[in-house]
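One structure is given here, and the rest of the page talks about it.
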Amino acid sequence: MSLTLIIGDKTYSSWSLRAALALELAEAPYSELLIPLNRADSKARILEHSPTGKVPLLQTEEGPVWDSLAIGEYLAESFPEAYLWPRGEYARAVARSVCAEMHSGFTALRTHMPMDLKRDQALAEIPAEVQADIRRICELWAECRANFGQDGPFLFGHASLADAFFAPVAARLRGYRVDLPAVAAAYVATIYHWPAFQRWYQAAQEEQLG
Ligand SMILES: N[C@@H](CCC(=O)N[C@@H](CS)C(=O)NCC(=O)O)C(=O)O
């Protein structure tokens with residue numbers, strides 16, 4: 001199977017990171033095409049591949065898949081032996097729920113704390129709506145860890161798409177130096193110890209930005 005993942009800057013592109021982690025979970029060989037964002041020609045270059053003008057996009061032998069959640073589902077179906085979703089119907093339903101919640105929510109966090117893997121500095125003040133997002137995220141992580149996390153340190157024990165979706169959130173919380181309850185702090189550490197995340201993070205540190 002020939003797969004190409006089209007991504008934005010590794011430092012900034014949180015949605016691209018999710019798709020790359022999904023590919024790592026699937027252990028699927030793929031090539032990468034990086035289109036730097038926020039440049040005069042970024043939109044035009046992305047539009048050559050993606051109908052939405054956004055990244056990530058996974059180019060498959062059958063055609064493009066142009067959304068991170070759809071990419072995750074496509075890989076879960078294409079590589080069933082990799083168990084990108086947790087085992088157990090209810091665990092899978094909860095994992096899909098938390099991914100969907102991330103995919104369509106936490107707008108305040110995304111607006112006020114954009115992912116920047118080179119950042120190590122707190123905001124002067126965390127707006128109330130961002131604090132509410134962070135509270136909900138910590139609650140959600142604690143529930144997943146307590147109810148499904150027996151077999152490992154990830155949200156559902158073993159690494160799954162839920163971790164791919166929340167890794168950029170963990171990176172924001174660390175990069176903006178947010179104080180966290182113990183369970184959430186331990187989960188952020190788990191993400192930073194995840195070799196798949198470390199590879200992307202390291203590449204981001206070496207990335208030359210325009
Ligand atoms: N819902 C999309 C969101 C994709 C998205 O917003 N990507 C951002 C980069 S992280 C982008 O392409 N921005 C460029 C632009 O909007 O011009 C997904 O899950 O893949």
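Treat the numbers as computed from the prediction; the structure is a model and nothing was measured. Counting convention: from 1, in listed order, for ligands and their atoms alike.
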Of all the non-hydrogen atoms in the protein, which one sits nearest to atom 5 (C) of ligand 1, and at what distance?
W15 CD1, 3.3 Å
Could you tell me the residue and atom name of the protein heavy atom closest to atom 16 (O) of ligand 1, and the distance to it rounded to 0.1 Å?
K54 NZ, 2.8 Å
Is E24 salt-bridged to R199, going by a charged N under 4.0 Å from an acidic O?
yes
Would you call the rings of F148 and Y90 parallel, tilted or perpendicular, where under 30° means parallel and over 60° means perpendicular?
tilted
Quick check: does H103 get an N/O under 3.5 Å from an N/O on ligand 1?
yes
Any ion pair linking K10 and E32 (charged N to carboxylate O, less than 4.0 Å)?
yes
How does K43 reach ligand 1, by side chain, by backbone, by both or by neither, if only non-hydrogen atoms under 4.0 Å count?
side chain
Proximal candidate to atom 9 (C) of ligand 1 [heavy atom criterion; set P56, G8, S50, S13]:
S13
Determine the sole option in T4, I71, L3 for which the side-chain contact (heavy atoms from CB on, under 4.5 Å) test with T60 is passed.
L3
Tell me which one of L47, V55, D67 gets a heavy atom nearest to atom 1 (N) of ligand 1.
D67
Presence of salt bridge, E139 and R136, under 4.0 angstrom:
yes
Taking C-beta and beyond as the side chain, do R172 and R119 meet within less than 4.5 Å on heavy atoms?
no
Going by distance only, is there an N or O of S68 that falls short of 3.5 Å from an N or O of ligand 1?
yes
